[in-house]
There are 2 protein chains.
Amino acid sequence: MTKHINTNEADKLSKPKQLQSAELSAILGRLDKKGARRLMERVDTSLIALRRILRATEMFGRDLAKAAGLTPAQFRVLQVVSEKGWSTPKAISQRMGVSQATMTALIDKLEKKGMVTRQRSERDRRQTDIVITEKGAGAIDEAPDALQQIFVRRFEALEDWEQAQLIASLERVAAMLDAHEIDAAPVLDWGDISGKPN
Amino acid sequence: MTKHINTNEADKLSKPKQLQSAELSAILGRLDKKGARRLMERVDTSLIALRRILRATEMFGRDLAKAAGLTPAQFRVLQVVSEKGWSTPKAISQRMGVSQATMTALIDKLEKKGMVTRQRSERDRRQTDIVITEKGAGAIDEAPDALQQIFVRRFEALEDWEQAQLIASLERVAAMLDAHEIDAAPVLDWGDISGKPN
DNA sequence: TCGTTTAGTTAGGTAGTTGAAATTTTTGGA
DNA sequence: TCCAAAAATTTCAACTACCTAACTAAACGA
């Protein structure tokens with residue numbers, strides 16, 4: 001039933017590096033030898049798969065944006081704005097993880113191409129509302145989403161239960177990773193790999 | 001046991017756009033109404049999760065590279081080279097999906113920083129071997145891999161069967177997406193939205 | 001009303017990217 | 001052997017994307 005998918009030889013992308021000393025040994029200390037090795041293998045395997053996904057997606061993104069006559073970054077901005085039809089530079093920049101200055105530049109480009117317009121907000125005149133234009137909405141709709149197309153095509157071929165499982169797993173991984181924004185502090189403060197006790 | 005993960009409200013990143021006309025209707029034609037709606041929902045959900053993963057990873061990548069004193073692109077090159085200890089510009093550029101010209105520039109930077117050396121290949125003197133230096137290997141080993149660390153930490157907390165399922169699903173998705181390189185043609189030939197025959 | 005905070009922009013500089021042209025070497029004939 | 005075509009890399013010119021720091025304008029609080 002479950003077709004076995006062979007992935008190992010192909011191109012294992014940027015091998016997830018042997019597991020890290022400090023962090024890992026803390027974990028391994030609580031496991032027996034065999035359990036430890038299995039954990040390492042599993043994490044490695046998962047990260048390899050994750051990186052393959054990332055790589056594939058990155059490439060789709062480029063093709064996609066090119067097809068829409070935009071750069072990847074510009075396209076992402078337009079996508080975000082198109083969700084509600086408008087947004088503010090600040091909100092978009094936070095969402096995308098870039099600085100406001102960068103956002104200004106990106107919006108300049110999109111405005112010049114007639115994809116969005118800027119208008120001073122009524123609510124708070126410090127703010128600028130970025131509003132998607134007819135043309136911008138069109139660009140989003142027209143753009144063939146390679147990622148989506150390929151995904152749909154293959155997703156459809158899966159058994160029902162497989163689809164369900166896939167979704168559950170993806171959401172789990174997503175939650176594992178982007179919880180980062182919520183409790184980042186204890187994990188991301190390694191400007192001090194050197195000595196301080198975290 | 002299985003904690004339910006709530007994802008829907010938070011930040012659905014760049015909503016996966018209503019499904020595409022041509023492609024989709026071809027699929028839907030073969031399904032009843034209810035089946036069609038469920039498929040759409042599932043694909044949407046999956047893509048949202050996938051994009052959350054991408055977003056989180058992209059941000060990790062930045063932090064990581066910064067910690068290593070490199071840019072994300074430079075770091076990726078170094079990772080690829082470190083797999084076998086050496087590689088060629090052509091191979092790396094293909095692997096990363098960038099042009100050779102770009103690769104030359106990136107390698108220039110890494111060479112200047114002493115992370116890799118260039119040496120004319122013995123095998124074929126048109127080629128240049130990019131060899132990782134002691135320092136380069138050190139940078140890779142030292143670099144705290146935020147993605148990995150967070151992933152390990154949370155992965156370890158999962159039940160055994162959950163880990164296994166996660167791996168299976170990730171590999172499945174990876175296979176779904178990066179088969180792209182093998183049969184891309186029928187899907188990616190939309191250079192003709194504008195007019196020119198590709 | 002005076003300082004502080006917040007939103008956005010501008011300016012200056014670094015990095016990544018590409019296409020086209022030039023360079024060097026290899027390869028496969030005639 | 002000699003040469004043209006092919007291959008790997010680099011150089012060049014032009015962009016695009018980003019970041020930090022400095023600056024403007026509006027809002028807000030005491």
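All values below come from the heavy atoms of this structure, side chains included, with hydrogens, waters and symmetry mates left out. Computed from a predicted model, the values in this text were never measured in an experiment.
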Q. If you take atom types as modelled and just measure distance, does the side chain of R126(B) reach the base of dT9(D) with a donor-acceptor pair under 3.5 Å?
A.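 By the distance-only test, no, there is no pair.
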
Q | Among I53(B), I48(B), L47(B), T45(B), the one residue meeting side chain to side chain contact (heavy atoms under 4.5 Å, CB included) with L170(A) | A |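 The residue from I53(B), I48(B), L47(B), T45(B) that satisfies side chain to side chain contact (heavy atoms under 4.5 Å, CB included) with L170(A) turns out to be I53(B).
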
Q | Salt bridge flag under 4.0 Å for residues R76(A) and E58(B) | A |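 Result for this pair is yes, salt bridge flagged.
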
How long is the line joining [atom1] of [X] and [atom2] of [N], in whole Å?
X	N	atom1	atom2	value
Q74(A)	dC18(D)	CD	C1'	13 Å
K113(B)	dA15(C)	NZ	P	6 Å
R76(A)	dC18(D)	CZ	P	6 Å
M59(A)	dT18(C)	CE	C1'	15 Å
L70(A)	dT17(C)	CG	P	18 Å
E111(A)	dG8(C)	CD	C1'	13 Å
Q127(A)	dT9(C)	CD	P	11 Å
D124(A)	dT5(C)	CG	P	17 Å

Using side-chain heavy atoms (C-beta onward) and a distance below 4.5 Å, is [X] in contact with [Y]?
X	Y	result
D129(B)	T88(B)	yes
V131(B)	V81(B)	no
L177(B)	R154(A)	no

Q: Indicate, with a heavy-atom threshold strictly under 4.0 Å, whether R123(B) touches base, sugar-phosphate, or nothing.
A: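 The answer is nothing, as R123(B) stays clear of every strand by at least 4.0 Å.
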
Q: Would you classify T88(B) as touching base, sugar-phosphate or nothing, given that sugar-phosphate means primed atoms plus P, OP1 and OP2, and contacts are heavy atoms under 4.0 Å?
A: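 Sugar-phosphate only.
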
(Q) If you assign R125(A) and A73(A) each to the DNA chain D nucleotide with the nearest heavy atom, which residue ends up on the more 5' nucleotide? (A)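 Here A73(A) is the residue nearer the 5' end.
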
Q) DNA chain D: K66(B) or P72(A), which has the more 5' nearest nucleotide? A)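 Result: P72(A).
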
Q: List in numerical order all residues of residues 100-109 of chain A for which some heavy atom is under 4.0 Å away from an atom belonging to DNA chain C.
A: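 Here the set is Q100(A), A101(A), T104(A).
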
Q) Quick one: is S99(B) getting a side-chain N or O under 4.0 Å of the dT17(C) phosphate, OP1 or OP2? A)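 No, S99(B) has no side-chain N/O under 4.0 Å of OP1/OP2 on dT17(C).
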
Q) What do the steps show when you test E156(A) against R42(B) for salt bridge (charged side-chain N to carboxylate O under 4.0 Å, His left out), and what is the final call? A) CA-CA 10 Å; E156(A) 183 227 9; R42(B) 285 182 161 179; over 6 Å; no

Q.
If we ignore hydrogens and angles and just use 3.5 Å, is the side chain of K90(B) paired with the main-chain N or O of T128(B) as donor and acceptor?
A.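 No, the answer is negative, given that no donor and acceptor are paired below the 3.5 Å cut-off.
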
(Q) Checking contacts here: which listed nucleotide (dG8(C), dC19(D), dG16(C)) is nearest the side-chain heavy atoms of T71(B)? (A)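 In terms of side-chain proximity for T71(B), the closest of dG8(C), dC19(D), dG16(C) is dG16(C).
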
